[in-house]
Amino acid sequence: MSIMDTVHVSTMSELKDAVKQKRERIVVDGKLANKLSILAKVKDKPDVHPGMSTSQLAGSLAGVAAVPVAVWITLIIATGVTVIVGLLLGYNLKVKVGDNELVFDKK
């Protein structure tokens with residue numbers, strides 16, 4: 001993977017653009033990384049698809065992660081169904097705890 005395939009994002013707008021562009025590596029940092037860190041709790045592959053409603057997606061995620069539905073709904077409303085589904089289906093997540101970064105590598 002070349003350095004040109006990597007994009008660093010710290011805002012929701014930047015993240016949405018990176019997912020839409022299907023960048024090879026998305027590095028999320030700062031407060032946005034803190035918000036999205038809940039995705040690391042998804043251990044099993046959830047049954048998700050782009051046409052899901054917020055409540056359907058939250059229910060599916062709560063079924064595979066020990067996180068309440070209300071928490072997922074809050075994240076999905078802030079982020080968007082398309083972005084969450086795009087990250088879950090299209091990327092593998094690596095958490096860099098010390099650096100407060102989330103690294104999403106395209107599958």
Side-chain angles (χ1 to χ4, degrees):
M1 176 181 328
S2 73
I3 198 137
M4 295 296 290
D5 293 332
T6 301
V7 62
H8 288 261
V9 301
S10 59
T11 68
M12 197 60 67
S13 177
E14 293 171 339
L15 177 62
K16 287 177 182 179
D17 288 344
V19 171
K20 184 177 178 180
Q21 295 168 6
K22 299 180 181 177
R23 300 294 297 259
E24 289 295 316
R25 173 174 277 179
I26 302 170
V27 179
V28 182
D29 53 28
K31 291 180 182 179
L32 184 57
N34 287 336
K35 288 180 185 177
L36 294 175
S37 64
I38 192 173
L39 291 173
K41 295 186 181 279
V42 177
K43 301 298 181 197
D44 297 321
K45 184 179 176 193
D47 181 24
V48 298
H49 56 84
M52 296 180 96
S53 69
T54 297
S55 60
Q56 289 171 323
L57 180 56
S60 180
L61 292 171
V64 296
V67 177
V69 171
V71 174
W72 285 115
I73 288 174
T74 302
L75 177 68
I76 295 163
I77 289 172
T79 311
V81 170
T82 305
V83 172
I84 297 295
V85 171
L87 290 172
L88 290 171
L89 295 180
Y91 292 87
N92 293 313
L93 170 62
K94 295 177 190 169
V95 180
K96 292 188 174 183
V97 178
D99 297 332
N100 194 30
E101 285 185 344
L102 299 176
V103 179
F104 293 92
D105 287 322
K106 199 162 194 287
K107 291 182 180 178

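Positions are given from 1, in the same order as the sequence printed here.
Side-chain atoms of Leu93 and Val103, non-hydrogen and from C-beta on, never get closer than 4.5 Å to each other. Using a 4.5 Å cut-off on side-chain heavy atoms (C-beta onward), Tyr91 and Ile26 make contact. Contact of the Lys94 side chain with the Asp105 side chain is registered, since non-hydrogen atoms from C-beta on lie closer than 4.5 Å. The shortest side-chain heavy-atom distance between Leu87 and Val85 does not fall under the 4.5 Å cut-off. At a threshold of 4.5 Å between non-hydrogen side-chain atoms, the residues Leu102 and Leu39 do not count as touching. Taking the side chain as every heavy atom from C-beta outward, Val69 and Val71 never approach each other to under 4.5 Å. By the 4.5 Å heavy-atom criterion applied to side chains, Trp72 and Ile38 are counted as neighbours. Between Leu61 and Val67, the closest side-chain pair of non-hydrogen atoms is not below 4.5 Å.
The heavy-atom pair separating Ala58 from Ile76 by the smallest distance is N-CD1, 3.6 Å. Considering every non-hydrogen atom in both Gln56 and Gly51, the closest pair reads OE1-O, 4.5 Å.
A distance of 6.0 Å separates CG of Asp47 from CE of Met52, quoted to the nearest 0.5 Å. Of the inter-residue distances, the one linking Lys106 atom NZ with Lys22 atom NZ reads 6.0 Å to the nearest 0.5 angstrom.
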### From CA spacing to verdict: side-chain contact (heavy atoms from CB on, under 4.5 Å), Asn100, Lys96
CA-CA 6 Å; Asn100 194 30; Lys96 292 188 174 183; over 6 Å; no
### Message
Checking Met12 against Lys16 for the side-chain contact (heavy atoms from CB on, under 4.5 Å) test, could you report, in this order, the C-alpha distance in whole Å, the side-chain angles of both residues, the deciding distance, and whether it holds?
### Response
CA-CA 6 Å; Met12 197 60 67; Lys16 287 177 182 179; 3.8 Å; yes
### Query
Between Val7 and Val27, is a side-chain contact (heavy atoms from CB on, under 4.5 Å) present by the stated rule, with each step listed?
CA-CA 6 Å; Val7 62; Val27 179; over 6 Å; no
### Task
Please step through side-chain contact (heavy atoms from CB on, under 4.5 Å) for the pair Arg23 and Thr6, ending with a clear verdict.
CA-CA 7 Å; Arg23 300 294 297 259; Thr6 301; over 6 Å; no
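Side chain of Lys107 to main chain of Leu88: a donor-acceptor pair is present (N/O by atom type, distance under 3.5 Å, no hydrogens or angles). Without hydrogens or angle criteria, Thr79 side chain to Leu75 main chain gives a donor-acceptor distance under 3.5 Å. Side chain of Ser37 to backbone of Asn34: a donor-acceptor contact under 3.5 angstrom is found. A side-chain donor-acceptor contact under 3.5 Å links Glu14 to the backbone of Thr11.
Taking 4.0 Å as the cut-off between side-chain N and carboxylate O, Asp5 and Arg25 do not count as a salt-bridged pair.
Cluster annotation: Val28 and Leu89 are assigned to the same hydrophobic cluster (Ile/Leu/Val/Met/Phe/Trp/Tyr, side-chain heavy-atom contacts under 4.5 Å, transitive). Hydrophobic clustering (ILVMFWY, side-chain heavy atoms < 4.5 Å, transitive): Val95 and Leu15 are in one cluster.
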